[in-house]
Undergrad: 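Have a look at the structure that comes next, please.
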Amino acid sequence: MLNISTREREWDDVIAVAEREHDVWASVGIHPHEADQHPHVDTAKLVERTQHPRVVGIGESGLDYYYDHSDRERQQASFRAHLAACRETQLPIIVHTRDAEEDTAEILREEMGKGAFPGVIHCFTASGAFADIALELGFYISISGIVTFKNARDLQETAVRLPLDRLLIETDAPFLAPVPHRGKPGEPAFVADTCRFLAKLRGEDPEALAEATRRNFHALFAKTLA
């Protein structure tokens with residue numbers, strides 16, 4: 001599993017868990033909510049921390065115009081710094097986007113035009129059209145427990161048609177616990193519930209889907225195989 005960071009003060013702890021547990025890896029990054037508080041975290045600082053053997057991704061980073069906890073221009077600048085680090089290291093970007101599809105797509109396309117890099121749209125809740133853009137750019141799409149919610153019809157329709165070789169499943173723990181655990185803190189074990197729901201939705205065998213997403217994880221986060 002990948003333990004994703006959201007602010008700089010978490011990096012050492014997240015990496016320490018990855019050092020301790022052989023099947024846990026780490027990312028380093030600044031969540032868009034935290035962009036205002038981290039103007040000093042630039043591409044060079046991110047690249048430096050990715051030299052650790054257990055750091056296999058960069059993020060999560062992106063744009064969140066729903067809460068606007070940080071200035072939008074600051075979010076965009078932080079996002080571009082993360083993408084530049086991905087381009088330099090060839091580690092995948094873990095993208096957060098909420099109510100910001102147009103700007104997220106524009107920035108990804110612009111930065112990809114400077115040189116390709118891998119990535120995943122984390123905890124996907126965006127439109128089917130945005131999913132198509134992400135797939136076109138070569139990104140993976142990660143589905144969380146939200147897909148099990150009754151009011152997630154649009155997401156369910158998108159999840160059904162995602163290519164099996166671009167699909168990941170996550171918990172976003174401690175948030176977004178899937179049915180039948182709603183109202184409880186999310187935990188990594190609940191990924192199995194999301195997998196079973198998604199497999200039924202797609203008409204696939206749960207074990208086969210689990211194996212496919214395991215392969216996809218190692219394909220995207222290729223440093224985990226080093």
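For the single chain, residues carry numbers from 1 onward in sequence order.
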Undergrad: Start with the C-alpha gap between F124 and L162, add the side-chain angles, then the distance that decides, and say whether side chain to side chain contact (heavy atoms under 4.5 Å, CB included) holds.
TA: CA-CA 12 Å; F124 187 87; L162 293 175; 5.9 Å; no
Undergrad: How many angstroms lie between atom CD1 of I15 and atom CH2 of W11, to the nearest 0.5 angstrom?
TA: 8.5 Å
Undergrad: How far apart are the C-alpha atoms of Q76 and L63, what are their side-chain angles, what is the distance that settles it, and do they pass the side chain to side chain contact (heavy atoms under 4.5 Å, CB included) test?
TA: CA-CA 7 Å; Q76 293 171 16; L63 306 176; 3.7 Å; yes
Undergrad: Any chance the side chains of E170 and S144 put a donor and an acceptor closer than 3.5 Å?
TA: no
Undergrad: Can you measure from CG (D172) to CD1 (I143) and round to the nearest 0.5 angstrom?
TA: 12.5 Å
Undergrad: Just how far is it from atom CD1 of I121 to atom CZ of F130, taken to the nearest 0.5 Å?
TA: 4.0 Å
Undergrad: Check this for me, if you would: do E48 and K45 make a salt bridge, where the nitrogen-to-carboxylate-oxygen distance has to be below 4.0 angstrom?
TA: no
Undergrad: For H40, look at atom NE2 and say whether over 12 heavy atoms of other residues, nucleotides or ligands are found less than 6.0 Å away.
TA: yes
Undergrad: Given side chains that start at C-beta, do those of L198 and I169 come closer than 4.5 Å, heavy atoms only?
TA: yes
Undergrad: Applying side-chain hydrogen bond (donor to acceptor under 3.5 Å, both in side chains), run through E187 and T171 and close with a yes or a no.
TA: CA-CA 7 Å; E187 60 179 78; T171 59; over 6 Å; no
Undergrad: I need the L167 CG to R215 CZ distance, nearest 0.5 Å.
TA: 11.5 Å
Undergrad: Evaluate the side-chain hydrogen bond (donor to acceptor under 3.5 Å, both in side chains) criterion for residues Q75 and S70: first the C-alpha distance (whole Å), next the side-chain angles of each, then the deciding distance (0.1 Å), finally the verdict.
TA: CA-CA 6 Å; Q75 291 185 48; S70 286; 5.5 Å; no
Undergrad: Does R161 have more than 12 heavy atoms from other residues, nucleotides or ligands lying within 6.0 Å of its CZ?
TA: yes
Undergrad: Exactly one of R54, M1, K223 should register a side chain to side chain contact (heavy atoms under 4.5 Å, CB included) with W25. Which one does?
TA: R54
Undergrad: Between D165 and Y140, is any side-chain donor less than 3.5 angstrom from a side-chain acceptor?
TA: no
Undergrad: Heavy-atom count around E207 CD within 6.0 Å, excluding the residue itself: above 12?
TA: no
Undergrad: Could you tell me if the side chain of R202 sits less than 4.5 Å from the side chain of L164, heavy atoms only?
TA: yes
Undergrad: Determine, stepwise, if the pair H52 / E19 fulfils side-chain hydrogen bond (donor to acceptor under 3.5 Å, both in side chains).
TA: CA-CA 10 Å; H52 192 286; E19 290 175 329; 2.8 Å; yes
Undergrad: Would you tell me whether T6 and E60 have side-chain atoms, one donor and one acceptor, within less than 3.5 Å of each other?
TA: no
Undergrad: Once you round to the nearest 0.5 Å, how far does CD of E204 lie from SG of C195?
TA: 9.0 Å
Undergrad: Look only at the side chain of R87 and the backbone of M112, and say whether a donor-acceptor pair between them is shorter than 3.5 Å.
TA: no
Undergrad: Which of these, E110, E73, E106, sits in a salt bridge (Lys or Arg N to Asp or Glu O under 4.0 Å) with R80?
TA: E110
Undergrad: Check step by step if side-chain hydrogen bond (donor to acceptor under 3.5 Å, both in side chains) holds for H218 and T224.
TA: CA-CA 6 Å; H218 290 298; T224 61; 2.7 Å; yes
Undergrad: Working to the nearest 0.5 angstrom, can you tell me the gap between F79 CZ and R74 CZ?
TA: 13.5 Å
Undergrad: Indicate, with yes or no, if V191 and V24 share a hydrophobic cluster defined by side-chain heavy-atom contacts under 4.5 Å among Ile, Leu, Val, Met, Phe, Trp and Tyr.
TA: no
Undergrad: Going by side chain to side chain contact (heavy atoms under 4.5 Å, CB included), name the residues that satisfy it together with P185, two or more places apart in sequence or in a different chain.
TA: none
Undergrad: Is any side-chain heavy atom of F117 less than 4.5 Å from a side-chain heavy atom of E111?
TA: yes
Undergrad: With the side chain counted from C-beta on, respond yes when I30 and S61 share a heavy-atom pair under 4.5 Å apart, and no when they do not.
TA: no
Undergrad: Here's a test for you: under ring pair (Phe, Tyr, Trp, His ring centres under 6.0 Å), which of F190, F149, F197 qualifies with H181?
TA: F190
Undergrad: For the side chain to side chain donor-acceptor pair (under 3.5 Å) test, which of R98, H31, H96, R72 pairs with D64?
TA: H96
Undergrad: Tell me if the NZ atom of K114 is crowded by more than 12 foreign heavy atoms within 6.0 Å.
TA: yes
Undergrad: Relative to the ring of Y67, is the ring of H69 parallel (under 30°), tilted (30 to 60°) or perpendicular (over 60°)?
TA: parallel
